[in-house]
Structures are given as C-alpha cells and as structure tokens.
Amino acid sequence: MEGDGSNSLVTIKNIERELICPACKELFTHPLILPCQHSICHKCVKELLLMLDDSFNDVGSDNSNQSSPRLRLPSPSMDKIDRISRPGWKRNSLTPRTTTFPCPGCEHDVDLGERGINGLFRNFTLETIVERYRQAARAATAIMCDLCKPPPQESTKSCMDCSASYCNECFKIYHPWGTVKAQHEYVGPTTNFRPKILMCPEHETERINMYCELCKRPVCHLCKLGGNHSNHRVTTMSSAYKTLKEKLSKDIDYLIGKESQVKSQISELNLLMKETECNGERAKEEAITHFEKLFEILEERKSSVLKAIDASKKLRLDKFQTQMEEYQGLLENNGLVGYAQEVLKETDQSCFVQTAKQLHLRIQKATESLKSFRPAAQTSFEDYVVNTSKQTELLGELSFFSSGIDVPEINEEQSKVYNNALINWHHPEKDKADSYVLEYRKINRDEEMLSWNEIEVCGTSKVISDLESNCNYAFRVRAYKGSICSPCSRELILHTPPAPVFSFLFDEKCGYNNEHLLLNLKRDHVESRAGFNLLLAAERIQVGYYTSLDYIIGDVGITKGKHFWAFRVEPYSYLVKVGVASSDKLQEWLRTPRDTVSPRYEQDSGHDSGSEDTCFDSSQPFTLVTIGMKKFFIPKSPTSSNEPENRVLPMPTSIGVFLDYDKGKVGFYDMDHMKCLYERQVDCSHTMYPAFALMGSGGIQLEEPITAKYLEYQETM
C-alpha cells in the first residue's frame, strides 16, 4: 500500500503542466469551463472581461490589449471584480459591456452571452485534482482546524456540508451524536469543498440531470423544455457518464499500451534536438565564414579603389604643380623671363644667337599657352565614382543556398487567365524535384498584399479556379525535394477578365452561309472561303464587283448581367468585324441575300460607308469593330483624334469583348494585357448576341475555357 501511495504522489507531481491556467500561468484557482471546453481561472475571466471593457473606453490607452490575453495588464480594482461576481449580474454602465474575448488556450473568440460568468460551469473535477497536487507538493504541510481557539490544532477531517476542517474535539462539538449534523459527509483534511449536487447556471434552483450532445455540456430539464437546448439532442447523465468514461478509459489504455513507443519517440526527439542544435551552430559558423570572405573581398576592393584614387590625385597634382611652376617662370625676374633678361645682356653676337634661338622657341611656346590657358589636368573624379547598385541589389537578395535545387521560372507565354488561371513553369532540374508549391494572392487596388494561398503540385502546371473578376493576382512557385525548398520564382502578375466568362459556340443555323463559311465540328472555329465561287464565275464578270460580309453569331443570347468572351483572329485574315448585335438587327441583316449587294451602301458593312460617323452619338443596337491585315481599327469618334495613325493598332494575339447589358456598354480588350482598347454605349433593349462577320479569306477561333481537361491536353501537346 505504501508503494501505491508513493506512485500516486509521483503521478500527481508529473501532471503539473495540465494544471496551469493558460492566462495567469499559475495553478488553477476555481477554474471555469468555457464554451470551447478549455478551463480558465474564475479571477482570470473577470480580469479579461474588464481589460477588454477598458480597451473600448480608451482605445489609445497603453494598457489596452485585445489580442493577447497572456500579456497581463494591471489587475482591476476589487470593487470592479466584485460587481461581476454577484449572482445575476447584468451588463450596464457599471459593469463590463464586453462578453466576448479570445480564449487564452485556443485563441478562438468566446461569447459568454447575457449571463456572462454566471453561465459557466465550475470545473470541480479539475479543482479536486489541483488540490491533490497541492497536497502532494506540500506533503508535510498540515491543514489546521478552522474552529479551534488559538493556537489551532491540526485537522483530522473536513466536512463537505459545512465546508470546514475540524480537529477531533471540534468535530464532536459541532457534529453532536444524534443530530442532523451528525449525518454530514466528511472526508480527510482538504481545502477543496465542492457541492454535492451540480446546479444549472441558467436555472439556479435546478440540478443537472441531462447532457446535451450538440453543445457538449450538462443541462437541466428546464433547459431542454424551453431553454436554449429545446431542439437539441440530449441524453441522461448516467448514459453520458458511462459513454464518456468508456471512451476516456479506452483512450487511456491505448496510450498506456503505447508507452514504449512514446518513450522511443521521445528519445528520437531528444536526438533530433541535439542534431538540430549542432547543425544550427554549424550553419552559423558557415554563414560567418561566408560573410567574412565577403568582408575580405570588400576590404581588398576598397583598398585597391582608394589606391587608384590616390594615384590619380597625385598625378593630377604633379601636373598642376609643374604647370604652376612654368607660369611662375613667366613673371619678371623669375624663371624663364629672368633667364631671358640675362641672355639679352650678352654682347657677343655668335654666343647670343647660339643661345637665343632655343630660348626664343620657349618664349613663343609660353606666350601661346598664356593666350589659350588650359589646366594640365581635370579636377573632377567622376570616372572614379564606385557603382554599387548592382552589388547592393544582389546583397539585398542574399539568402540561403537551396542545396542544389534550381529556382523554377514561370513561363509567361504559356501562362494565362480566362475563366480560370493556367500557370505553367519551367524547372531546369525537373527530375530532381519531388513536388512544387504554387502560391497566389490577390493584389488590392491600393497595392495591399493579402496572404498567400498555397497549392501543392506534382507537375509543372496548374489550373486555379474561383478567382475574382477584374482583379490583379500575383503567382509564384518553388520546388521541393524532401524537406529542402528552393527560393521562390519571380512573381507573375495577371489581371482577371472584367466579368465572368460567357460560354457559347458558333450558331450553324441562324444566318450561317455554308457556301462561304467553313465551321469545324466543335463549332468553335470558323473560316471564310468566300471568293472561290467568285473565281469560278469570273468569266461572267465584266464590271466592278464587290464581295459581301458573311455573318455568323453565337448560339446563346444575353438578356442581363455582365459577360466576357475572347477569341483569336487568324493573322492571314483580310477583313473581320467582331462585336455584339441585337436580335432584331441580326434579323434585318440576315433577311436578304448578300451575294450581289455592294457594301459601299450597306450600313456597317466593313467598308468606310460612314455609318460609324453618323451613328456614333446615338446609342445603336449593335457595335462592331474592324480587324484585318494584322491591324485593329478603332472606329471614328468625334471626341478623339481621327488621324489614321491614332486609330490603327497592332492586332492583339487574343481579343476580348466585355458586355454590360444592364448599363448598355460594350468594350474591346487586348487579352494579353487585359487592357481596354475601345468602349462605347450600345442599345440593349433586345436580346444581344456575339456577332462576327468575315470578308475574303479569314478565320476566327473562340478562346477555349481553361479546365483540368484543357491542362491535360496542353501537357500531351
């Protein structure tokens, strides 16, 4: 029995970590169970509520801290704590207005509701365990009798009904034999007194007798009948006790059975900690070595640069000194002039001529230099300014070595965004990478960066869906081999279309001329072969003749909302018109044969008929722009320059059309940069259809929506 007692003491002492309040970091005192099932001291809950309440009253106060309850602020005054300790307290101007605070254990917001602290259960089980731990910790410290006259005697038992400890004599006095008090329940000496019956916090006169399976908390019968748990599934307390005790016992038995495995993993963790410590120190030493090498290189370069500057400075100063001495020689009685004056004193003609010839040349040279004064050297050291911008940038990007994994690079040409985003990247050492992590995030209009979203990818491409319309997104990728990670690639910025993508195919029935147009089986590509029949009938043509526009429309109409679609015009196309048209306008266009009609007099036929000029100011039921010969032609406008060079743009690789039906507006976009090239009002009083027209040779390919199948097709290609 003694051995069992010592083992229990050891067990109690080993669980101290579970008995620490997450808020005050001390042993629990009257712990309460929060809705998130974590426990916290009664006093700590009150302090947290009062702190948050004070932070609302004084936002700028240095003592306000809503997000970190672990940072203890000065304790509130006792009168404030007492206000919220009284039974039935309610929120008013004198009590805390805040009943929501972050749980110190899980950091999730906890709402105490209208009853506040009074709505929480007291964790008597945890409180009992804490008391046993305290007794085990102090061991020899005795609990004294509460009723003895000084000096008090050591207590021998505690009465759970009286919530007091007694020595033998006092217990007999206050619990006389044959009275009601003699029937009180007594235990060994303790300071932890708990009620015999657990009462409901919501209904203080009702005892707990049921368990709510939805809320995971005990309730009374009034809670079930008309309270917050009326529609919840409940079970009897005995059933909940049996079920939870069986589960807990089973889980404990499992953990005890795995004790050897746990010890083995603890040993492994100890080894990993030691290895981490050694590897960390080694990494620090290597980093210091690399930086010292950089310092040596910088010192060497600094020394050589300073020497070069000093050498140049000395050379220039020497030149200036020599030049200054020469000019000083031009002064009277100095240098050259003084010497010449002495030569003039020579009376012997032969000797004079012999010396004067050379002297005269020197005098002439000095005279010329005096007339055109030029410094012997430059004072500026512009050529000796050290340019460190590139090195500074490289040093700023200095990071850890990726242990041989190259940085993947996103392929901008193969990456695009339409209904979804398709991101392709290239990795020089593809076989060496186990996987990749593609990161993306939205960039707000004020350039605010949101947090990165991560997707693990096994290949080198990924389709990302659920992106918001008309937004900028940044994409980057990094490679993984085991636990080793490469640096992130350079970011790619893509702009999503201004509206959801509108899906349709070419209509093979309405107005489709199969003699002039060739439609593929998928109905997403049309090609014009107009002109072949004309060549066959050329022998009958004696006068000027024009071919006409052949129209083809989408098979789905638009009656509301915002829509966007894209397509590619084949580079060899002679003349193509694209845009939108209403149902009644299309009926007008497709009602009469067009083989022999001269387009010169047909409105918006594609030739310069003047229709765009006459109709621009008024909203019309169609808008078509002209594309051809690798050019994009912006229609004439009275508000913009009508010079040809300002109206003709290079044809984009892919062209998008944005229709806002409700506002009556249509825009044409360069899909490569998601840039609006042309925009105008359009009459949307009828159903609107995507409209296309071709003249001569040409072709149009609808942009294929980006899906997972699209990605598989791209990879096979």
Side-chain angles (χ1 to χ4, degrees), residues 1-41 44 70 102-110 120-137 139 187-188 190 192 194 198 208-219 229 232-277 435 456 482-483:
M1 293 296 292
E2 293 179 359
D4 294 342
S6 62
N7 288 338
S8 64
L9 292 177
V10 172
T11 302
I12 287 294
K13 289 183 179 180
N14 289 340
I15 65 173
E16 180 179 358
R17 179 182 176 185
E18 303 296 327
L19 310 180
I20 300 297
C21 174
C24 63
K25 304 301 183 184
E26 298 175 358
L27 289 175
F28 281 106
T29 303
H30 305 306
L32 300 177
I33 303 176
L34 299 178
C36 60
Q37 302 302 311
H38 290 100
S39 294
I40 184 174
C41 294
C44 294
R70 293 181 176 83
C103 169
C106 61
E107 297 185 356
H108 287 88
D109 285 342
V110 174
L120 299 177
F121 280 107
R122 187 169 164 185
N123 195 338
F124 289 108
T125 302
L126 177 58
E127 196 169 335
T128 302
I129 297 173
V130 170
E131 178 59 26
R132 289 207 300 265
Y133 173 82
R134 292 183 189 274
Q135 292 181 4
V187 296
T190 182
N192 178 38
R194 54 192 290 181
L198 196 61
I208 294 298
N209 56 6
M210 288 182 286
Y211 182 79
C212 178
E213 296 183 353
L214 180 63
C215 301
K216 307 295 183 185
R217 62 174 291 169
V219 296
H229 307 269
H232 297 179
R233 181 179 178 181
V234 298
T235 184
T236 62
M237 188 60 67
S238 59
S239 175
Y241 169 80
K242 182 180 178 181
T243 302
L244 291 175
K245 192 165 187 177
E246 287 178 355
K247 288 182 179 179
L248 184 59
S249 300
K250 185 177 180 180
D251 292 340
I252 292 174
D253 292 339
Y254 175 81
L255 291 177
I256 293 175
K258 296 293 183 179
E259 185 174 355
S260 59
Q261 180 180 347
V262 173
K263 290 181 178 179
S264 174
Q265 292 176 351
I266 290 174
S267 300
E268 183 179 353
L269 289 173
N270 285 327
L271 293 176
L272 291 175
M273 289 175 64
K274 293 180 180 179
E275 184 179 351
T276 300
E277 180 126 5
S435 62
E456 187 173 355
S483 60

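Below, all heavy atoms of this structure are taken into account, side chains as well, without hydrogens, waters or symmetry copies. Just so you know, these numbers come straight off a predicted model, no measurement behind them.
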Does the side chain of [X] reach to within under 4.5 Å of the side chain of [Y], using non-hydrogen atoms?
X    : Y    : value
I208 : F121 : yes
I256 : I252 : yes
N123 : L32  : no
V262 : L255 : no
L244 : Y211 : yes
L19  : L126 : yes
C106 : H38  : yes
H232 : C212 : yes

Working to the nearest 0.5 Å, report the span between CD of Q265 and CD of E268.
7.0 Å

Which value, rounded to the nearest 0.5 Å, describes the distance between D253 atom CG and L248 atom CG?
9.5 Å

Check the pair L34, L120 against side-chain contact (heavy atoms from CB on, under 4.5 Å), reporting the backbone distance first and the verdict last.
CA-CA 7 Å; L34 299 178; L120 299 177; 3.9 Å; yes

Check whether any side-chain N or O of T276 sits under 3.5 Å from a backbone N or O of L272 as a donor-acceptor pair, and report yes or no.
yes

When you measure from the side chain of K245 to the backbone of K242, do you find a donor-acceptor pair of N or O atoms at a distance under 3.5 Å?
no

I need the minimum non-hydrogen distance between S39 and P22, along with the two atoms involved.
O-CD, 3.6 Å

Closest non-hydrogen atom pair between Q37 and C215, with its separation
NE2-O, 4.0 Å

Salt-bridge test for K250 and E246: reply yes if a basic N is under 4.0 Å from a carboxylate O, no otherwise.
no

